[in-house]
Enquirer: 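Take this structure first; my questions come after.
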Protein chains: 2
Amino acid sequence: MPAAEVVKSVARVLEVLELFAQRREPLTGMEVCRTLGYPKSSANAILKSLVTLGYLSLNPENLRYFPSLRVTYLGDWVPDLLLGTVETDEMLEELHRLTGETVTLSMRNEFHMQFIRVLPGSFPISLRVSEGFMAPLFGTAVGAAYLSTLSDADIRGLYERAQKRGALEGQEQNLDAVLADVAAARMDGCARGYERILPDTGAVTAPLKAGAHDQHLVVGVGGLSARIRRSEGKIVRHLKRVIRQHLENSRHAA
Amino acid sequence: MPAAEVVKSVARVLEVLELFAQRREPLTGMEVCRTLGYPKSSANAILKSLVTLGYLSLNPENLRYFPSLRVTYLGDWVPDLLLGTVETDEMLEELHRLTGETVTLSMRNEFHMQFIRVLPGSFPISLRVSEGFMAPLFGTAVGAAYLSTLSDADIRGLYERAQKRGALEGQEQNLDAVLADVAAARMDGCARGYERILPDTGAVTAPLKAGAHDQHLVVGVGGLSARIRRSEGKIVRHLKRVIRQHLENSRHAA
DNA sequence: GGGCAGGGTTCATATATGTGAAATTATATT
DNA sequence: AATATAATTTCACATATATGAACCCTGCCC
């Protein structure tokens, strides 16, 4: 099994739990089966395993499954460590209200920026990107915002490691361009990117230091390139003010 | 693969996430490997899959993994639906303070009562039961408390279905004894059980109606039989008062 | 610079899982 | 009570995964 390939049952466990998180109601085995496109006996094997392990409960009267609180306990501790007292949901909602654009929160994951929260834009033409999406670390606005928190030496080291691992294949950006983006981001704390990996798309992003680790998150506002360019100044001001405000709020809460 | 057997990778996904929930710090692949006793390439395959799917992040500088917020989102919605505004943690902590015994919260899962929260007792001799433990639905105090919320006809139906499914094998209790326990529980809202499936162990339990579904949870206080018998009256009073109080609090919060 | 320790990767093979067709079971309707 | 429909289970076989030995990589220490 080559790198980045995924063990089938691993993916399925998470797909099943994601389905319940999306639907938020008890589901029959057949509903899970049809929705996720699994063969019946495969769906059953996964569901039975999750029940046996206590992650799903089964009501035998109506044959409906539902997650148990053990699913909650797997991850309820993560926000405290990753975010500390920063209320990221409120921050993103405020940015969304102020800009109307797609607002995102991402974190570094190996040589990617992983979108962990996405609030879709209100405009008819809006950036559509899903939670879980992995953008490249090098050559994107979210990546530049993240990298602006590191020294040039650390960025070079990261870039070399990524090259060695073959993680940059298919991505046509060189280190000098990356460092130029980062230098621009350091000037006022915000990174900009237009027409990068997503066509017609622009984004303004800024790092957010949160939580118990020295890893940074990145807040982004993205949408149609022309519209983002027009509003860039306003978006930058909103981004900086909202981040500063919420960091102050989280200091008071800590 | 017979019923109740578990797909290996399914179990491993959850074991890995449980390990992170327990340790609450970044871990290397080898630490996961050693702690969980997996072969190195198997551990790697699971971890790489979780990174690819966005559930773990990997810091390539120190080769340490950590859960992402996607783990949180899988289950952060469950308490609202399952518990509503009942603050179960506070309730259990109060009971724990008042009694010093092992305090548990359980939910029905198929033909079991699954322990979803356990606060271990403060006495040197205390009931030791782990979260995730599946107690039988029939013939236990937690089961009797749960069943007391159903009609006798529904209990009979459930019992028959359990028999048909072979879910009662290894458990020597008949329906009449179960119904007697349930009748006793209905008298004052609390079930008692001594020397049932766990030796030297007694428990007092009560149902807790919470959340958006008509499924009940069960709160229990358990420990050394003799000590639970001695304090039964007090435990019953504490249980009823604390549950009533928290239900009132949750009504005000709703 | 070399050696060592700790970590990860590769690969051939054994074992487990996934699949789909068929059979069985359960429920609802007539 | 019979029938139809929907759901679950079984099973033989195809495919995927797990394993452990061997190898490779990286960083640290002498």
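Lettering follows sequence order; numbering is per chain, from 1. Computed from a prediction, not measured in an experiment: that's the story for all the values here. What's counted below: heavy atoms across the whole structure, side chains too, no hydrogens, waters or symmetry copies.
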Enquirer: Round to the nearest Å and state the distance from B:Glu160 atom CD to C:dT25 atom C1'.
Expert: 16 Å
Enquirer: Does C:dG8 have its OP1 or OP2 closer than 4.0 Å to a side-chain nitrogen or oxygen of B:Arg64?
Expert: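 No.
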Enquirer: At under 4.0 Å, does any side-chain N or O of A:Ser41 touch on OP1 or OP2 of C:dG20?
Expert: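 So the side-chain polar atoms of A:Ser41 never come under 4.0 Å of the phosphate oxygens OP1 or OP2 of C:dG20.
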Enquirer: Closest to the A:Lys164 side chain: D:dT26, C:dT19, C:dT17?
Expert: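 The answer is D:dT26, which lies nearest to the side chain.
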Enquirer: Can you check the B:Glu61 CD to C:dG6 P distance for me, whole Å?
Expert: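 After rounding, the reported distance stands at 22 Å.
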Enquirer: The criterion is side-chain contact (heavy atoms from CB on, under 4.5 Å); which residues satisfy it with A:Asp152, sequence neighbours excluded?
Expert: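 Result, side-chain contact (heavy atoms from CB on, under 4.5 Å) vs A:Asp152: A:Ile155, A:Arg156, A:Leu179, A:Arg186.
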Enquirer: Quick check for you: among D:dA16, C:dT17, C:dG7, whose closest atom lies nearest to any side-chain atom of B:Met30?
Expert: C:dG7
Enquirer: Between D:dT17, D:dT8, C:dT19, which nucleotide gets closest to the side-chain atoms of A:Arg12?
Expert: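 Of all the options, the side chain of A:Arg12 is nearest to C:dT19.
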Enquirer: With A:Tyr65, which of A:Leu50, A:Leu27, A:Leu47, A:Val16 fulfils side chain to side chain contact (heavy atoms under 4.5 Å, CB included)?
Expert: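 Considering A:Leu50, A:Leu27, A:Leu47, A:Val16, a side chain to side chain contact (heavy atoms under 4.5 Å, CB included) with A:Tyr65 is found only for A:Leu47.
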Enquirer: Would A:Leu74 and B:Glu18 count as a side-chain contact (heavy atoms from CB on, under 4.5 Å) if you check the C-alpha gap in whole Å, the side-chain angles of each, and the deciding distance to 0.1 Å?
Expert: CA-CA 6 Å; A:Leu74 284 178; B:Glu18 281 166 2; 3.8 Å; yes
Enquirer: Could you tell me the separation between the NZ atom of A:Lys40 and the P atom of C:dA23, rounded to a whole number of Å?
Expert: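 The answer, rounded to whole Å, is 13 Å.
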Enquirer: Would you say A:Lys164 and A:Tyr159 are linked by a side-chain donor-acceptor pair, where the criterion is simply a distance under 3.5 Å?
Expert: no
Enquirer: Rounded to whole Å, how long is the line connecting atom CD of B:Glu5 with atom P of C:dG18?
Expert: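 Roughly 13 Å, once rounded to whole Å.
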Enquirer: Could you state the atom-to-atom distance from NZ of B:Lys48 to P of D:dA16 in whole Å?
Expert: 22 Å
Enquirer: If you look at every strand shown and take non-hydrogen atoms under 4.0 Å, does A:Lys8 touch a base, only sugar-phosphate, or nothing?
Expert: sugar-phosphate
Enquirer: Need to verify one output field. Residue with the more 5' nearest nucleotide on DNA chain C, A:Pro60 or B:Tyr65?
Expert: B:Tyr65
Enquirer: How long is the line joining CG of B:Leu27 and P of C:dG7, in whole Å?
Expert: 12 Å
Enquirer: Side chain of A:Asn44 only, please: which of C:dG8, D:dT9, D:dA18 is the nearest?
Expert: D:dT9
Enquirer: Got a sec: does the CZ of A:Arg128 have more than 12 other heavy atoms crowding it under 6.0 Å?
Expert: no
Enquirer: Quickly work out the B:Ile46 CD1 to D:dA16 C1' distance and round it to whole Å.
Expert: 12 Å
Enquirer: In this structure, how many angstroms lie between the C1' atom of D:dA6 and the CG atom of A:Leu63, rounded?
Expert: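 After rounding, the gap between these two atoms is 11 Å.
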Enquirer: For D:dA18, does OP1 or OP2 lie under 4.0 Å from any side-chain N or O of B:Ser9?
Expert: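 Yes.
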